[in-house]
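Everything on this sheet refers to the single structure shown next.
Small disclaimer: the values here were computed from a predicted structure and weren't measured.
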Amino acid sequence: MPTCQKCNEKWTWKQTIKKATFTFSGGMTCPYCNEKQYVTMASRKKGSIYAIFPLFAFLLNVFFDISLGIAIVLAVTSALVIIAINPMLVELSNEEEPLF
């Protein structure tokens with residue numbers, strides 16, 4: 001779970017889901033000290049790599065002749081698993097890192 005870099009409090013899974021997963025703006029406010037925290041670039045890269053995994057279910061459909069229904073179930077299941085573990089991969093920083 002992510003830890004606030006200002007107050008060193010560990011965020012809960014639920015807090016992280018609310019703040020990190022559904023926040024599209026630059027930063028998130030720490031629920032403990034109300035300081036702005038930013039997701040690190042390394043954490044963003046990990047998240048984007050894992051976000052591709054559900055698409056592999058459709059590639060299995062093409063290469064191994066799996067039915068479309070099974071491919072959809074695999075894609076949805078893998079997406080739910082990734083959403084569930086994503087808060088454990090989030091790392092926070094006091095400063096916003098540039099995208100490039």
In terms of heavy-atom contacts, does CZ of F58 have more than 12 from other residues, nucleotides or ligands at under 6.0 Å?
yes

query = Can you tell me if CD on E9 sees more than 12 non-hydrogen neighbours from other groups inside 6.0 Å?
reply =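 Counting neighbours around CD of E9, more than 12 heavy atoms of other residues, nucleotides or ligands fall under 6.0 Å, so yes.
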
Would you say that [X] contacts [Y] through its side chain, given a criterion of any heavy-atom pair below 4.5 Å between the two side chains?
| X | Y | answer |
| --- | --- | --- |
| L59 | F63 | yes |
| L92 | W11 | yes |
| Y50 | N86 | no |
| Q15 | Y32 | yes |
| I82 | P54 | yes |

Quick one: closest heavy-atom pair of [X] and [Y], and the distance?
| X | Y | result |
| --- | --- | --- |
| V90 | P2 | O-CB, 3.4 Å |
| A75 | A57 | N-CB, 3.6 Å |
| M1 | T12 | SD-C, 4.0 Å |

Indicate if [X] and [Y] have the same hydrophobic cluster label, given that clusters are the connected sets of ILVMFWY residues with side-chain heavy-atom separations under 4.5 angstrom.
| X | Y | value |
| --- | --- | --- |
| M88 | V81 | no |
| L55 | I83 | no |
| F64 | F56 | yes |

Say whether, by atom type as modelled, one donor and one acceptor occur between the side chain of S43 and the main chain of V39 under 3.5 angstrom. no

Would you find a donor on one side and an acceptor on the other, under 3.5 Å apart, between the side chain of W13 and the backbone of A84?
yes

If I take atom [atom1] from residue [X] and atom [atom2] from residue [Y], how far apart are they, to the nearest 0.5 angstrom?
| X | Y | atom1 | atom2 | result |
| --- | --- | --- | --- | --- |
| T40 | K45 | OG1 | NZ | 10.0 Å |
| E35 | C4 | CD | SG | 7.5 Å |
| I49 | L89 | CD1 | CG | 11.0 Å |
| L60 | I66 | CG | CD1 | 4.5 Å |

inquiry  = For N94, run the side-chain hydrogen bond (donor to acceptor under 3.5 Å, both in side chains) check against Q37, K6, Q5, K36 and tell me which one passes.
reply    =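 Exactly one candidate clears the test, Q37.
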
Which residues pass the salt bridge (Lys or Arg N to Asp or Glu O under 4.0 Å) test with K46, not counting sequence neighbours?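 Residues passing salt bridge (Lys or Arg N to Asp or Glu O under 4.0 Å) with K46: E91.
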
